[in-house]
Amino acid sequence: MDVCSYRVVASLKAIRARAFVAQLDLSLAGVCLACLSFVSFPLDDGDEREVARQLRAMTPFLWEDGLDVQAFTAVRAACERGIRDGPWALTELESRGPRSVVAREIVLRLADLLVRRERADRKLRGLAFPRLAAAPPEMN
């Protein structure tokens with residue numbers, strides 16, 4: 001297989017994994033947000049190359065910090081619900097663990113959740129802080 005063919009196969013696996021992971025019930029609870037921020041910051045900046053680099057670097061750390069439990073639970077639940085590609089994703093996680101495309105896509109989705117949460121927090125603070133200045137000191 002030449003390099004171009006390998007890249008096409010790799011990208012097809014990533015597309016397949018991303019579509020599957022989008023259907024999983026995932027949460028930021030129990031995930032090290034400091035570790036996840038290494039992925040979420042470049043994601044928020046739109047730096048795709050840095051996102052890919054940080055995904056490769058941080059997924060094993062997040063995995064060992066407990067993400068493996070959430071990942072396997074979510075993928076097994078998807079298999080039970082009959083979600084397409086569930087068995088493939090479970091096999092991928094079992095065989096490759098944090099080095100699997102599914103694990104990286106799970107981390108990417110969690111990083112996206114963190115980015116969305118942080119953007120909402122910034123927007124809320126932007127709306128709230130000017131109003132706090134107008135409130136009497138005894139109300140703060």
Side-chain angles (χ1 to χ4, degrees):
M1 181 181 301
D2 66 7
V3 174
C4 285
S5 298
Y6 172 77
R7 286 187 181 145
V8 169
V9 170
S11 65
L12 289 175
K13 277 181 82 170
I15 291 168
R16 182 180 185 187
R18 187 165 299 162
F20 173 76
V21 168
Q23 300 175 70
L24 296 180
D25 184 23
L26 298 172
S27 168
L28 291 172
V31 175
C32 175
L33 300 181
C35 296
L36 191 59
S37 71
F38 281 89
V39 180
S40 69
F41 286 164
L43 183 63
D44 194 23
D45 292 340
D47 187 347
E48 292 180 27
R49 178 178 253 166
E50 184 64 12
V51 169
R53 189 176 81 73
Q54 291 297 341
L55 273 175
R56 284 188 304 279
M58 296 309 297
T59 300
F61 292 114
L62 288 159
W63 191 261
E64 287 193 22
D65 196 38
L67 181 60
D68 60 333
V69 174
Q70 182 179 175
F72 278 112
T73 300
V75 171
R76 285 185 181 118
C79 288
E80 290 172 6
R81 291 193 322 261
I83 294 179
R84 183 173 179 230
D85 286 333
W88 166 78
L90 186 58
T91 301
E92 180 82 5
L93 285 180
E94 289 172 343
S95 65
R96 303 209 56 219
R99 299 285 180 211
S100 70
V101 66
V102 175
R104 284 192 305 272
E105 288 299 326
I106 287 172
V107 170
L108 183 61
R109 175 140 175 255
L110 290 172
D112 182 61
L113 288 173
L114 184 58
V115 166
R116 290 171 188 268
R117 187 174 89 176
E118 290 301 316
R119 285 178 181 169
D121 285 349
R122 281 193 302 264
K123 184 177 180 180
L124 182 61
R125 281 193 303 270
L127 293 172
F129 283 158
R131 293 179 182 183
L132 282 176
E138 62 274 3
M139 299 293 287
N140 288 325

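Just so it is clear, the structure is predicted and the values come from calculations on it, not from any experiment.
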Measure the shortest side-chain to side-chain distance between [X] and [Y] over non-hydrogen atoms and say whether it is less than 4.5 angstrom.
X: Val107; Y: Met58; answer: no
X: Leu33; Y: Arg117; answer: yes
X: Trp88; Y: Lys13; answer: yes
X: Val31; Y: Asp65; answer: no

Is [X] reaching over with its side chain to a backbone N or O of [Y], donor-acceptor style, under 3.5 angstrom?
X: Ser100; Y: Ala103; answer: yes
X: Arg104; Y: Arg99; answer: yes
X: Gln70; Y: Gly66; answer: no
X: Thr59; Y: Arg56; answer: no

Does atom CD (Glu94) have a neighbourhood of more than 12 heavy atoms from anything else shown, all under 6.0 Å?
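Yes, enclosed.
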Does atom CZ of Arg81 have more than 12 heavy-atom neighbours, drawn from other residues, nucleotides or ligands, at distances under 6.0 Å?
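Result for CZ/Arg81: enclosed.
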To check you understand the geometry: which heavy-atom pair defines the closest contact between Ala78 and Leu24, and what is its length?
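Here Ala78 and Leu24 meet closest at CB-CD2, 3.6 Å.
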Can you give me the closest heavy-atom contact between Gly86 and Phe20, atom names plus distance?
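Residues Gly86 and Phe20, closest heavy atoms: CA-CE1, 3.5 Å.
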Test applied, side chain to side chain contact (heavy atoms under 4.5 Å, CB included); reference residue, Leu36; option that passes from Leu43, Leu62, Leu113:
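Result for side chain to side chain contact (heavy atoms under 4.5 Å, CB included) with Leu36: Leu62.
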Residues in salt bridge (Lys or Arg N to Asp or Glu O under 4.0 Å) contact with Arg18, at least two apart in sequence or another chain
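Counting only residues at least two positions away or on another chain, Arg18 forms a salt bridge (Lys or Arg N to Asp or Glu O under 4.0 Å) with Glu105.
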Given the rule that I, L, V, M, F, W and Y join up when any side-chain heavy atoms are under 4.5 Å apart, are Phe38 and Phe41 in one cluster?
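Looking at the clustering, Phe41 is in a separate group from Phe38.
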Would you call Arg122 and Asp44 a salt bridge, taking side-chain N to carboxylate O under 4.0 Å as the test?
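Answer for the salt bridge query: yes.
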